[in-house]
Amino acid sequence: EAGVAQSPRYKIIEKRQSVAFWCNPISGHATLYWYQQILGQGPKLLIQFQNNGVVDDSQLPKDRFSAERLKGVDSTLKIQPAKLEDSAVYLCASSPIGTAQYFGPGTRLTVT
Amino acid sequence: DQQVKQNSPSLSVQEGRISILNCDYTNSMFDYFLWYKKYPAEGPTFLISISSIKDKNEDGRFTVFLNKSAKHLSLHIVPSQPGDSAVYFCAASDSGNTPLVFGKGTRLSVIA
């Protein structure tokens with residue numbers, strides 16, 4: 001079974017630029033999550049989708065971050081404009097309802 | 001306020017001995033607990049979970065113990081192997097289909 005796919009793996013941008021990350025969850029997984037992991041911390045939720053609807057985006061900085069999950073499968077997370085403090089690893093995870101979440105390899109973003 | 005705490009940033013254990021990683025939580029609504037292992041440049045990998053109706057769950061060399069009254073869980077790895085060297089994250093959720101709340105992680109080093 002293929003795991004969660006993410007791209008790109010690494011991205012370096014200057015502050016105030018925009019960036020987008022892509023996630024393809026495990027086939028059949030209804031729930032998709034985006035987490036932000038800052039160095040030395042555990043992952044922190046940004047947004048949760050159930051199929052193509054948003055379940056929880058309370059911790060998403062909506063003035064600069066946006067996310068969508070079209071057709072209930074792939075998802076994109078966008079940052080516009082980026083700030084220095086957005087430097088982190090962005091992790092996508094998926095799960096069937098009510099079980100463990102399975103993570104992709106992450107995208108390491110560096111904002112200079 | 002950190003709801004999931006891993007108070008030991010690092011742990012060193014000799015190969016063949018037992019590794020015990022600890023985790024405390026403060027939110028009494030949490031009823032599903034997981035451990036993830038993370039290697040550098042990879043996403044967290046699901047290891048083992050336990051629901052609040054149990055106090056122990058075992059999978060091969062890995063056992064998770066839950067003490068609800070103390071709001072404490074621990075992961076035992078026995079025997080420890082050099083390939084177990086990684087960062088281990090404790091995570092918790094309420095109902096299993098909600099976002100995970102992670103601790104900051106414990107770096108385990110298994111010395112040959």
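In what follows, chains are A, B, ... by sequence order, proteins preceding strands, each numbered from 1. Quick note: numbers below take in every heavy atom, side chains included, and nothing from hydrogens, waters or symmetry partners. Since this is a predicted model, take the numbers as computed values, not measurements.
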Q: Evaluate whether atom CG of A/L84 has more than 12 neighbouring non-hydrogen atoms of other residues, nucleotides or ligands under 6.0 angstrom away.
A: yes
Q) Would you find a donor on one side and an acceptor on the other, under 3.5 Å apart, between the side chain of A/Y33 and the backbone of B/L100? A) no
Q: Please examine the side chains of B/E42 and A/F103, heavy atoms only from C-beta on, and report whether any two atoms are closer than 4.5 Å.
A: no
**Q.** Under 4.5 Å from a heavy atom of chain B, the part of A/Q6 involved
**A.** neither
Q) When clusters are formed by joining ILVMFWY residues with side-chain heavy atoms under 4.5 Å apart, either directly or through shared neighbours, do A/W22 and A/I79 land in the same one? A) no
Q.
Would a single hydrophobic cluster contain both B/F30 and B/I50, if residues Ile, Leu, Val, Met, Phe, Trp and Tyr are joined by side-chain heavy-atom contacts under 4.5 Å?
A. yes
Q: For atom CD of A/Q80, decide whether the heavy atoms of other residues, nucleotides or ligands shown that lie under 6.0 angstrom number more than 12.
A: no
Q | B/F46 CZ to A/Q101 CD distance, which is reported to the nearest 0.5 Å | A | 10.5 Å
Q. Is the count of non-hydrogen atoms from other residues, nucleotides or ligands lying under 6.0 Å from A/R64 atom CZ greater than 12?
A. yes
Q | Toward chain B: residues of residues 104-112 of chain A with heavy atoms under 4.5 Å | A | A/G104, A/P105
Q. Which heavy atom in A/L91 sits nearest to a heavy atom in B/G43, and how many Å separate them?
A. CD2-CA, 4.0 Å
Q | Single-linkage hydrophobic cluster B/L21~B/Y32, side-chain heavy atoms < 4.5 angstrom | A | no
Q. Quick one: which residues of residues 7-20 of chain A reach chain B at under 4.5 angstrom, heavy atoms only?
A. A/R9, A/Y10
Q.
For residues B/F65 and B/Y88: do they belong to one hydrophobic cluster (side chain heavy atoms under 4.5 Å, members Ile, Leu, Val, Met, Phe, Trp, Tyr)?
A. no
Q: Say whether B/I77 and B/L73 are linked into one hydrophobic cluster, either directly or through other cluster members, by side-chain heavy-atom distances under 4.5 angstrom.
A: yes
Q.
I'd like to verify something: which residue of B/P9, B/G105, B/A41 has the highest number of heavy-atom pairs under 4.5 Å with chain A?
A. B/A41
Q: List the atom of B/F89, the atom of A/Q37, and the distance in Å for their closest heavy-atom pair.
A: CZ-NE2, 3.2 Å
(Q) Check this for me: A/K62, atom NZ, are more than 12 non-hydrogen atoms of other residues, nucleotides or ligands nearer than 6.0 Å? (A) yes
